Asks: 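Pasting in a structure now, in structure tokens, and then I'll have a few things to ask.
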Amino acid sequence: MKQLSVAFFVLLLIQNYGILLLADPNDGFVTTKGMQLMLKGRPYHANGFNAYWMMYVAFDPSQRDKVSTAFQDAKKNGLTIARTWAFSDGGVRPLQSSPGSYNEQMFQGLDFVISEAKKYGIKLVLSLVNNYADFGGKKQYVEWARGQGQSVTSDDDFFTNSVVKGYYKNNIKTVLTRRNSLTGIAYKDDPTIMAWELINEPKCTSDISGKTIQAWITEMAPYLKSIDGKHLLEVGLEGFYGASKQRSNPNNIQVGTDFITNNQIPGIDFATVHAYPDQWLPGSSDESQLSFLNSWLNDHIRDAQNIIHKPVLFAEFGKSLKSSGIAQRDQLFKTVYSTIYLSASRGGAAVGSLFWQLLAAGMDATRDGYEVILSEKSSTAILIAQESQKLSRI
């Protein structure tokens, strides 16, 4: 009864005086130990999904049910990690309308996303800026600097110009220290967030040697960690190798990143890989794409395990129904899931995967061919549920 009375008293304080409780910093943060993710002292393996649209949709309170439905569907199907954008720079519905100027209504949308994830037991990976011009990205940062008289000539100046880097560091600090208007918990103190991502799919084609992006990560990782030492950090890499292992890249793609050296930087806690054989090997057969995918997955697991010595999360994968059938997509999903399970079940570096992308029913305007709507109970949805529950039992 004494405990009940204290709890009731605390509830009255919250309701009547707006006093909000901070999370216990030791309660439920995902950490790393060697090549494993850890949660509450146990290895953590989990599958999840991408849903970049969540903050953008939650900006409008009348549309927030889509976010809730997506999390509810995910939980029912055994998914426990979501990756989404914590950025919208300039343009329509900005989070950051200009350097250092933020839209409170959009921040409240992100507050809602985080609070709903907590409600449904979903961990979040939050990305802080885009490589592409969608939702502003590095292009918008460079344009802001140009408007202030900076001599910038390329979007790649995002990685080197001191003014641009200052804008980005200020954004890191603003987002990480944001106090959630619904929970009262600062983002940097919220165990609902599993990890921060520096940038979605970084590329610096003006310097394919990799030195520019390597220097940028080396600068930004300790800066972010100086503000938030509780959360994990990853870069946002697709997994392309540098010159030393270029032969492993699809069509010898070089974008100025290197899976090995980028992930060896102190402060980067786990590696990420994306996989889109249908985009990277256009015109090739399904068999050729699956053969590449098998090599791509296993190469990165081996390198994470034997060279980088950190966990690896397959943070994006998918196959578009605009160019293939559902059976072909299911085969790609099976390949990803079975390869990760085999590694995880043996104590290897693979810890999970996040498909692109989850939508709630009725979001037809957001369909891109890669969408999965779990409530439709397609063969893909059934496969996702089976494999996610299997992985979680390791």
Side-chain angles (χ1 to χ4, degrees), residues 30 32 35-37 44-50 52 81-84 125 127 130-131 194-203 210 213-214 217 232-242 244-265 268-281 289-319 332-344 348-357 370 387-388 391:
V30 178
T32 60
M35 295 179 298
Q36 299 294 313
L37 294 181
Y44 180 62
H45 301 97
N47 284 327
F49 60 93
N50 284 271
Y52 75 90
I81 303 176
R83 176 171 172 262
T84 191
V125 176
S127 188
N130 206 1
N131 177 78
M194 181 179 108
W196 301 106
E197 177 177 281
L198 287 176
I199 179 171
N200 173 52
E201 297 188 345
K203 294 178 175 67
I213 285 183
Q214 184 79 356
I217 300 167
L232 302 180
L233 176 63
E234 48 97 353
V235 180
L237 298 171
E238 294 161 279
F240 298 128
Y241 290 97
S244 64
K245 202 175 177 182
Q246 183 179 345
R247 68 188 183 281
S248 296
N249 293 342
N251 290 323
N252 291 315
I253 291 173
Q254 285 278 273
V255 296
T257 61
D258 181 69
F259 175 74
I260 293 174
T261 59
N262 294 161
N263 284 310
Q264 288 176 319
I265 293 171
I268 301 303
D269 296 298
F270 63 92
T272 62
V273 181
H274 297 182
Y276 292 105
D278 59 345
Q279 292 183 22
W280 296 345
L281 301 171
Q289 291 178 19
L290 285 175
S291 177
F292 162 78
L293 179 63
N294 269 303
S295 298
W296 186 249
L297 297 170
N298 285 301
D299 277 355
H300 287 84
I301 292 171
R302 279 194 300 268
D303 290 337
Q305 191 162 314
N306 300 330
I307 303 175
I308 303 170
H309 306 298
K310 295 178 183 178
V312 59
L313 179 70
F314 291 86
E316 283 190 30
F317 72 93
K319 189 175 181 70
L332 180 138
F333 274 58
K334 286 179 183 177
T335 301
V336 172
Y337 285 142
S338 62
T339 304
I340 291 169
Y341 181 82
L342 182 61
S343 170
V351 292
S353 66
L354 291 77
F355 66 83
W356 187 280
Q357 64 163 325
Y370 292 88
E387 294 296 327
S388 297
L391 184 66

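The first residue of the sequence shown is numbered 1, and numbering continues consecutively from there. Bear in mind the structure is a predicted one, so any value in this text is a computation, not a measurement.
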Asks: Quick one: does Ser343's side chain have a donor or acceptor within less than 3.5 Å of a partner on Ala350's backbone?
Replies: yes
Asks: Taking all atoms of both residues into account, what is the closest heavy-atom pair of Gly236 and Thr272, and its distance?
Replies: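 Residues Gly236 and Thr272, closest heavy atoms: C-OG1, 3.7 Å.
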Asks: Verify side chain to side chain contact (heavy atoms under 4.5 Å, CB included) between Leu37 and Met194, making sure each step is shown before the conclusion.
Replies: CA-CA 10 Å; Leu37 294 181; Met194 181 179 108; 4.1 Å; yes
Asks: Please answer whether the main-chain N or O of Asn263 pairs with a side-chain N or O of Lys310 as donor and acceptor at a distance below 3.5 Å.
Replies: yes
Asks: Where the side chain of Glu316 meets the backbone of Ser353, is there a donor-acceptor pair that is under 3.5 Å apart?
Replies: no
Asks: Between Trp280 and Phe240, is the gap from one ring center to the other below 6.0 Å?
Replies: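 Judged by ring-centre distance (under 6.0 Å), Trp280 and Phe240 do meet the cut-off.
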Asks: If I take atom NE2 from residue His274 and atom CD from residue Glu238, how far apart are they, to the nearest 0.5 angstrom?
Replies: 6.5 Å
Asks: Do Glu234 and Leu313 make a side-chain contact, defined as non-hydrogen atoms from C-beta onward lying under 4.5 Å apart?
Replies: no
Asks: Does the side chain of Ile301 reach to within under 4.5 Å of the side chain of Phe314, using non-hydrogen atoms?
Replies: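 Yes; the side chains approach each other to less than 4.5 Å.
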Asks: To the closest 0.5 Å, what do you measure between CG (Asn251) and CZ (Phe292)?
Replies: 8.5 Å
Asks: Is there a side-chain contact between Gln214 and Asn262, using heavy atoms and a 4.5 Å cut-off?
Replies: yes
Asks: Measure up the Phe259 and His300 rings against each other and bin them: parallel (under 30°), tilted (30 to 60°), perpendicular (over 60°).
Replies: perpendicular
Asks: When you compare the side chain of Gln279 with that of Tyr370, does any pair of heavy atoms fall below 4.5 Å?
Replies: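 Contact flag for Tyr370/Gln279 side chains = yes.
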Asks: I need the Lys245 NZ to Asp303 CG distance, nearest 0.5 Å.
Replies: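 Those atoms lie 3.5 Å apart.
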Asks: Between Asn131 and Lys203 (side chain of the first, backbone of the second, donor and acceptor by atom type, cut-off under 3.5 Å), is there such a pair?
Replies: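 Answer holds: yes.
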Asks: Would you check, one step at a time, whether the test side chain to side chain contact (heavy atoms under 4.5 Å, CB included) holds for Val351 with Phe270?
Replies: CA-CA 10 Å; Val351 292; Phe270 63 92; 5.9 Å; no
Asks: Is there side-chain contact between Trp356 and Arg83, with heavy atoms separated by less than 4.5 Å?
Replies: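 Yes, side chains in contact.
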Asks: Drop me the distance from Glu201's CD to Asn130's CG, to the nearest 0.5 angstrom.
Replies: 8.0 Å
Asks: Would you check if Trp296 and Asn249 make a side-chain contact, meaning some heavy-atom pair closer than 4.5 Å?
Replies: yes
Asks: Supply the atom-to-atom distance Ser388 OG to Ile81 CD1, rounded to the nearest 0.5 angstrom.
Replies: 10.0 Å
Asks: Any idea which heavy atoms bring Ser127 and Asn200 closest together, and the distance?
Replies: OG-N, 3.6 Å
Asks: What's the verdict on side chain to side chain contact (heavy atoms under 4.5 Å, CB included) for Ile260 and Tyr241, showing C-alpha distance, side-chain angles and the deciding distance?
Replies: CA-CA 7 Å; Ile260 293 174; Tyr241 290 97; 4.0 Å; yes
Asks: So among Leu198, Leu233, Thr261, Ile199, which one has a side-chain contact (heavy atoms from CB on, under 4.5 Å) with Ile217?
Replies: Leu198
Asks: Any side-chain heavy atom of Tyr276 sitting closer than 4.5 Å to one from Pro250?
Replies: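 With C-beta onward as the side chain, the pair stays apart.
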Asks: Quick check: closest heavy atoms across Ala344 and His45, and the distance to 0.1 Å?
Replies: CB-CD2, 3.5 Å
Asks: Could you measure the distance from the CD1 atom of Ile308 to the CZ atom of Arg302? Nearest 0.5 Å is fine.
Replies: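 Spacing of CD1 (Ile308) from CZ (Arg302) equals 13.0 Å.
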Asks: Of all heavy-atom pairs between Asn50 and Leu354, which one has the smallest distance, and what is that distance?
Replies: ND2-O, 3.3 Å
Asks: Which heavy atom in Gln305 sits nearest to a heavy atom in His309, and how many Å separate them?
Replies: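 Closest heavy-atom pair between Gln305 and His309: O-ND1, 3.1 Å.
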Asks: Of all heavy-atom pairs between Ile213 and Thr257, which one has the smallest distance, and what is that distance?
Replies: CD1-CG2, 3.6 Å
Asks: Is there a side-chain contact between Phe317 and Leu293 (heavy atoms, below 4.5 Å)?
Replies: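 The answer is no; the side chains never approach within 4.5 Å.
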